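Letters A, B, ... mirror the listed sequences (proteins, then strands); counts begin at 1. When reading the values below, keep in mind they use all heavy atoms of this one structure, side chains included, and skip hydrogens, waters and symmetry mates. Since the model is a prediction, treat every value here as computed from it, not as a measurement.
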Amino acid sequence: MADLLGTGISGLLASRVALDTTGHNIANLNTEGYSRQTAEFAARAPQQVGNYFVGQGVDVVGVQRAYSQYLTASLWSNTSSQQRASTFSDLTGSLNDLLGGSNNLQTSLDAFYGAVQDASNDPTSTPTRQALLGKAQSLASTFNSLAQQLDQQSKQVNGRIADTVNDINGLAGNIASLNKQIEREVSAGHAPSDLLDKRDQLIKQLSSDVQVTTSVQGNSINVFAGNGQTLVSGGKSYALSATANPYDATRTEIYSSSGSMISGQLQGGSLGALLDYRGSVLEPAQNQLGRTATAFATAFNAQHRQGMDLNGQLGSDVFALPPPRALPATSNAGSADIAVQVGDVSALTASDYTLRYDGSAWSMTTTGGKAVALSGSGTAADPFVADGLSFTVAGTAAAGDSFQIRPTRDTAGGLALQIDDPTELALAAPVKASAASGNGGTASIGGVSVSDVADPNLLASAQITFTSATTYQVNGTGSYTFTPGSNIDLNGWSLQLDGAPATGDSFTVQANSDGVGDNSNGLALGRVADLGVLDGGLTSAGAAYGQLVSNTGTIGAQAKVNLDAQTSLYNQAAQSQSSVAGVNLEEEGANLVRYQQSYQAAAQVIATANTIFDTLMSAVRG
Amino acid sequence: MRISTVWMQQRSINEILDRQSAMSDTQLQLSSGKRMLNASDDPVAASQVLNLDHVEAANQQYMRNADSASNRLSLEESSLTQFGNLLQRVHTLALEGANGSQTPDDRAAVAKELRQIYSQMVQVGNAKDAQGDALFAGNAAKTVPFVQGAGFSVSYQGDDGQRMVAAAPSIQVATGDPGSGIFMNVPAGNGRFAVDVDAANTGSVVVGASSVTDSGAYAAADYDVVFTAADTWEARDGGGNVVASGSYDGSGAVAFGGMQVQLDGDAATGDTLHIRAGASQDIFSTVGNLIDAFEQPDSGAAFNNQVNRQLESVDQSIQRVLETRAKVGARLNTLDQQKDAGGDLSVLNKGAISKLQDVDTASAISQLNLQSVALQAAQQTYVKIQGMTLFDYLR
């Protein structure tokens, strides 16, 4: 006989479970990563009575977790992209603030060259020269402090990379242990919905650190990063390590548990952003700043050496530049040492290079992988030449040895002013020319310029006497041909004569020792501001800095646009996932009403069963 | 479509946050006056602004250079004016003093005043600018250019350099002239040649004005004009060859080879005139010679010849000073023009920078108003929607 009581009780219990589940959903409204649960009902197998079947009630067959694997995986992937865009945008934003801030290099350069021109207007004035030295010092300080701040950022980025790797390892470990737990629960016959939610949440956190791919294996989820690097496999996790770059101990690289360097393979999430930013924005910016410093100091020093200071001495270098660095790999077995110098500033690039020895020959690539042709043999007399640099190898290298070459990374930080005595500023031309007062011809001095300041006889006095209209003697000896209209080149200078000299005319070229009012080198120094130094003579130092600011600005603008796009994609993905798994209070409220009613109704069924029993009992008692 | 409660809230909150952030950006723009807060807001404009700042800084510097040059050139001009006045005075004195009616006392008075003028000239020649640099020493700015030696001779200690100033990217203007060119290498005679009377002449020929009458026929060379008789003369070149001859009757011109020389007075046989081409004489020697001439007691032909010669040189000097003043004036004009052009360029540059960089206050304020309305709307709808829940109606 069908058991009305049993049916009623089953209804009661089922409603009770449903109410409990609804209550659980409502309580977990704000739980991060919670998937709503629904009680599943199934009618009990009916009992056959004669020709028909009578139902037996209801059973709760399970509490179903609302879940879509596809939407959840899409959410993870969008989390990585959005987090990457956000981190990258923050990093480029702070770089832009740094470059465009009050520490503006362009303003310092303009102030410095303005002081050069002021000193050219008053070459004998010591206070004006002192002011020029002051501006030179503040320009060097601007370079130094910009480089320092970039360096600071670099340290922070490297630190964050290490921290993120730690975070990844921790999460991977937790996911692995959850995999084990879930495996246990399922084999014990339970449905661990909350553990599943927790594992999904951990994978989402991991996605925000680095982009991962997942594969479901039974009840475990295996997690891979980068190019198939296993992080979690079943109940085991494999830790990544963040240790020093083989060339530079301050640069953090990521190694897999098997020991191979995988920094270049990890993408997405904040780790991908940090690695991308470091390699494609920050380090090139440091190099470009150094390249600007190298171009500026080299061009200014070269022009300064062409002049004469107040003490009658030829100009020396105004700015000191640290030389490019060659960093040996920690695994180098040989004893070779590489010395690098900048040979040709116009060919200098903003790349770093790797120089390798395979046992018989040296080869060079950029750190990006592009091969660079090397000429020369590496000795001091015939150094290797490539991209404006020249290398000399000292000692013996073993096969497999390699060096990282950084031509301009440290130059902006190491730029220093070398002159502190204002009289040592070389604003005058080294030589002067004068015509003798008795000259009869129509020749006059057009000017004298220095063609080779290293000539040992540059400052020696030379008297040119014309023995005829087309021949002349120097200091009374020799006989040289003179072509009217062309210059007389001697001792490293070049004299221009306008007009035609007569026999007996004489001109003297000598050191400009008393010419303290001469400002011709000062004027030339002022022109260095816009002189093309880099890129084969096309780009001035100021223009190179302008390119750096402009590039960084463009990258920053793109990063912002990208962030907006990724954020809206992420919002869509989160909303889609939440529309399946998220709790809606109205829905749960309606469910509460529904299950409460079914509970009341089931209770009423039990009461009715009781009344039937009472009726039967009273009928039997008679 | 189903939407979870959390996401309903999140969406509204996101909207509010976005509006707030946009309003905050606009507020920052208004308070700083700049449209771009950093280069990533508008990379192209940021790069243009950087370039324009550089061009404007250079422009301002050129204007400062022009000011400094103008100061120096003005000082030079006033010194040259002073010198020119002194020369005019010398000219007047010499002319008056050479008049036959003057007594030796008169001539002595002239000599005294000439001595004073001489030392004033040396002073003006050694004038300094505001920095204490000599104006007329070329580039040897700390050297005193004119040093008096024995008698009235002055030697030039400076050099021949000129200091230039950059008035514009491709314009350089000289800010000085070496004293050697203005005061020392002044052409003697009429500027092309000078005619001197031989000291051994016995006649009373006085050489007056001389000039080049035919530039085509004139060949710059030294000649001697010798009187073979009191009324005949011969012109001989450097090798002693006779190139011309003519007659002379006590007053008239000797002309040959494109040259003409006025003579006055009786010639004696053997009297010689030396014609020197391209000779030069410094102004100090000229005044010194005049002083010597006026301090001599007699006033014969030799005196007249000497005064005539020196007066020619004084004329040449006046000419040279005027030419230099004209050059200085032209340079000052160029600098003024450059300053004006620089001022105009500055206005253009600043306008361009402002257009790129500055915020349009009116449109930013109206944008701020719009954004604040939108924010209010978002906030109010949020409150309204959150207030609607089924649980309000479940008892």
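Per-residue heavy-atom pair counts under 4.5 Å with chain B were compared for A/Q575, A/Q558, A/Q547, and the maximum is reached by A/Q575. Each of B/S47, B/A166, B/A39 has some count of heavy-atom pairs under 4.5 Å with chain A, and the biggest count is that of B/A39. With chain B as the partner, the residue from A/S579, A/G546, A/S513 showing the most heavy-atom pairs under 4.5 Å is A/S579. Of the listed residues (B/V44, B/D42, B/T143, B/D160), the one with the most heavy-atom contacts under 4.5 Å to chain A is B/D160. Comparing A/T567, A/N584, A/N551 by heavy-atom pairs within less than 4.5 Å of chain B, the highest count is held by A/N584. Put simply, of A/G556, A/A428, A/G515, A/A435, the one with the most heavy-atom pairs under 4.5 Å next to chain B is A/G515. Contact count versus chain B (heavy atoms, under 4.5 Å) is highest, among A/L585, A/L592, A/T554, for A/L585.
Of all heavy-atom pairs spanning B/S40 and A/A557, the tightest one is O-CB, 3.1 Å. B/P43 and A/S550 make their closest contact through CB-O, 4.1 Å (heavy atoms, listed as atom of the first residue, atom of the second, distance).
Contact of B/N65 with chain A is made through backbone and side chain together, with heavy-atom distances under 4.5 Å. For a residue to count as touching a neighbouring chain, one of its non-hydrogen atoms must lie under 4.5 Å from one of that chain's; by this rule B/A46 does not touch chain A. With a 4.5 Å cut-off on non-hydrogen atoms, B/M36 does not touch chain A at all. Contacts of B/Q172 with chain A are made by side-chain atoms alone, with heavy-atom separations under 4.5 Å and no backbone atom involved. For chain B, the nearby part of A/V580 is the backbone; its heavy atoms alone come within less than 4.5 Å. Residue A/V516 touches chain B through both its backbone and its side chain, counting heavy-atom pairs closer than 4.5 Å.
Of the N and O atoms on the side chains of B/N51 and A/Q106, not one donor lies less than 3.5 Å from an acceptor on the other residue.
Between B/T5 and A/E587, every side-chain heavy-atom pair lies at or beyond the 4.5 Å cut-off. Here the side chains of B/F391 and A/I26 are in contact, with some heavy-atom distance below 4.5 Å. Side-chain contact between B/N14 and A/N571 is present, with heavy atoms from C-beta onward closer than 4.5 Å. A 4.5 Å side-chain heavy-atom check between B/T175 and A/N121 finds every atom pair outside the cut-off. Between A/T124 and B/K142 the shortest side-chain heavy-atom distance falls below 4.5 Å. Side-chain contact between A/E586 and B/T389 is present, with at least one heavy-atom pair separated by less than 4.5 Å.
Residues of residues 125-134 of chain B that come within less than 4.5 angstrom of chain A, heavy atom to heavy atom, are B/Q131, B/D133 in numerical order. For residues 521-530 of chain A, the interface with chain B (any heavy-atom pair closer than 4.5 Å) comprises A/L523, A/R527, A/D530, sorted by residue number.
Interatomic distance, CG of B/N38 versus OG1 of A/T92, reported as 9.0 Å (0.5 Å rounding). Rounding to the nearest 0.5 Å places CZ of B/R11 at 10.5 Å from OG of A/S578. We find the CZ-OG distance between B/R163 and A/S120 to be 9.5 Å, quoted to the nearest 0.5 Å. In this structure, the separation between CG on A/L29 and CD on B/Q9 is 8.0 Å, given to the nearest 0.5 Å. A/N519 CG to B/Q162 CD: the interatomic distance, rounded to the nearest 0.5 Å, is 11.0 Å.
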Derivation of the side-chain contact (heavy atoms from CB on, under 4.5 Å) call for A/V549 and B/L50
CA-CA 9 Å; A/V549 172; B/L50 213 59; 4.1 Å; yes

Would A/N96 and B/D41 satisfy side-chain contact (heavy atoms from CB on, under 4.5 Å), going step by step from the backbone distance to the final call?
CA-CA 10 Å; A/N96 268 308; B/D41 290 335; over 6 Å; no

Full working for side-chain contact (heavy atoms from CB on, under 4.5 Å) between B/Q61 and A/D118
CA-CA 8 Å; B/Q61 184 61 41; A/D118 285 341; 2.8 Å; yes

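Under a 3.5 Å cut-off, the side chain of A/D110 and the backbone N or O of B/A58 do not form any donor-acceptor pair. Without hydrogens or angle criteria, B/R2 side chain to A/G582 main chain gives a donor-acceptor distance under 3.5 Å.
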